[in-house]
Asker: 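To start, I am sharing the structure in question, which I have written as structure tokens.
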Amino acid sequence: MPQQTTYRLAFIGFGAVGQGFARILFERGDWLAQRYGAKLVVVAVSTRRGSLYDPDGLDLGQLLQAVEQDGQLPQSKARVDWTPQELVERVTADVLVEVSATDLTTGEPATTYIRTAFNRGMHVVTANKGPIALHGQVLLKEAQDEKVYLGYEGTVMSGTPALRLGWSDLAGCTIHEVSGILNGTTNYILTQMEAGSAYADVLAEAQRLGYAEADPSSDVEGFDAAGKAAIIANMVFGANLRMEDVACQGITQITLDDIAEARAARERWKLIARVAQQDGQVVASVSPQRLPLSHPLAGVNGPTNALTYTTDLLGEVTLVGPGAGGIATGFALLADVLAVHGV
Ligand code: HSE
């Protein structure tokens, strides 16, 4: 068995993604310790409905059962009267798991939680798009200055390694363009609408399945995909785009008639995000497009996402995989924590 290192994890937020990560740890924590020598212990969870802290580790089974049953944290001796910010300031932990609700306008309060964690010497893993889309490069620099790790793989395509592919695996290539389907909710809605379901019903189902944002207008108006385009532009291309620099149009105008019209023409609507080098500048956009059924992205359906990197040395490299969901995004957090461990 490899030498064991213990990582104490503190969660801020415990929605679909936080629960997904906790469930992975509950079900395979022992195996992770055996296989990689990384013992991952959840010592704290803080939500708007209360906080728990036990330096010896929370009972994950009890926690998941209580939250899945009625959305509340369990009554336990680990209850503390701390706000999320107070918890980040006081907890003794090695890694902050920042999975509170995304705000793509201010990046707050998550950005403050992340900075507080850095200042206290904690690594941060996050699936929160706001802080990375708005301040990713600055936060990465701050993490480097504090000699801690900032993991953000789950911000684009959930656990599918879309960012790592760009900044690590394709290092040495020049990337000309990255384009694809980057929002699971809208791709699921478009797929189900083609099967005849009404927009409002499918959106409700996407919320129930944990694909949609807390405020799903961010998904359907294209803002979520625009945030991911900004993350790719800034963190993979090294650009300095703001959210308002990403031209953005969502799917709210697409009707069942539009979908039927496309089908008759052997085409399919997809919400396409694109980041490209153009005349020495990086440009980014999100817009619905009618693709011929023969197009590779036309066959990517449901909450699945896909991304094509166009490079000089390899030509096109396409990655297809889950784009949303609690377990799929929880996996991204696991991959980031294992990266802290050196895996
Ligand atoms: N709401 C997002 C989506 C979640 O549907 O893609 C993953 O970022």
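Quantities reported herein were computed from a predicted structural model and do not represent experimental measurements. Numbering of ligands and ligand atoms starts at 1, following listing order. The basis for the numbers below is simple: all heavy atoms, side chains too, and nothing from hydrogens, waters or symmetry mates.
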Asker: Using the benzene-type ring in the case of Trp, are the ring centres of His341 and Tyr7 under 6.0 Å apart?
Answerer: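 Yes - the distance between ring centres of His341 and Tyr7 falls below the 6.0 Å cut-off.
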Asker: In this structure, which one of Val220, Ile254, Leu190 forms a side chain to side chain contact (heavy atoms under 4.5 Å, CB included) with Tyr199?
Answerer: Val220
Asker: Any idea which atoms of ligand 1 are less than 4.0 Å away from a heavy-atom of Gly323?
Answerer: 6 (O), 7 (C)
Asker: With backbone taken as N, CA, C and O and side chain as the heavy atoms from C-beta onward, which portion of Asp224 lies under 4.0 Å from ligand 1: side chain, backbone, both, or neither?
Answerer: side chain
Asker: Check whether any side-chain N or O of Asp245 sits under 3.5 Å from a backbone N or O of Arg242 as a donor-acceptor pair, and report yes or no.
Answerer: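 Side chain of Asp245 to backbone of Arg242: a pair is present.
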Asker: Look at atom 6 (O) of ligand 1 and say which protein heavy atom is nearest, naming residue and atom and giving the distance to 0.1 Å.
Answerer: Gly184 N, 2.7 Å
Asker: For ligand 1, which atoms, with element, lie under 4.0 Å from some heavy atom of Glu213?
Answerer: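 Atoms satisfying the 4.0 Å criterion: 1 (N), 2 (C), 4 (C).
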Asker: Does a donor on one side chain sit under 3.5 Å from an acceptor on the other, for Asp215 and Ser218?
Answerer: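 Note: Asp215 and Ser218 side chains miss the donor-acceptor criterion.
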Asker: With nothing but distance in play, are any N or O atoms of Lys228 less than 3.5 Å from an N or O of ligand 1?
Answerer: yes
Asker: Could you pull out the closest heavy-atom pair between Pro84 and Ile12, with the gap in Å?
Answerer: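 Where Pro84 meets Ile12 most closely, the heavy atoms are O-CD1, 3.7 Å.
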Asker: Within a distance under 4.0 Å of any heavy atom of Ala324, pick out the atoms of ligand 1 and give their elements.
Answerer: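 Near Ala324, meaning under 4.0 Å from one of its heavy atoms, ligand 1 has 3 (C), 4 (C), 5 (O), 6 (O), 7 (C).
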Asker: At a 4.0 Å threshold, what atoms of ligand 1 neighbour a non-hydrogen atom of Lys129?
Answerer: 2 (C), 4 (C), 7 (C), 8 (O)
Asker: Enumerate the atoms of ligand 1 whose separation from the nearest heavy atom of Asp219 is less than 4.0 angstrom.
Answerer: 1 (N), 2 (C), 3 (C), 5 (O)
Asker: Over 60° means perpendicular and under 30° means parallel, so tell me whether Phe21 and Phe11 are parallel, tilted or perpendicular.
Answerer: parallel
Asker: Heavy atoms only, cut-off 4.0 Å: how does Asn183 contact ligand 1, side chain, backbone, both, or neither?
Answerer: both
Asker: Starting from atom 5 (O) of ligand 1, which protein heavy atom do you reach first, and at what distance in Å?
Answerer: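 Going atom by atom, the protein heavy atom closest to atom 5 (O) of ligand 1 ends up being Thr185 OG1, 2.6 Å.
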Asker: Output yes when the distance from some N or O of ligand 1 to some N or O of Thr155 is under 3.5 Å, and no in every other case.
Answerer: no
Asker: What is the minimum heavy-atom distance between Ala298 and Pro292, and which atoms define it?
Answerer: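 Heavy atoms of Ala298 and Pro292 come nearest at CB-O, 3.4 Å.
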Asker: What are the two closest non-hydrogen atoms of Val43 and Ala93, and how far apart are they?
Answerer: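 In terms of heavy atoms, the two residues are closest at CG2-CB, 4.1 Å.
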Asker: Using a strict 4.0 Å cut-off to heavy atoms of Tyr211, name the atoms of ligand 1 that fall inside it.
Answerer: 1 (N), 2 (C), 3 (C), 4 (C), 5 (O)
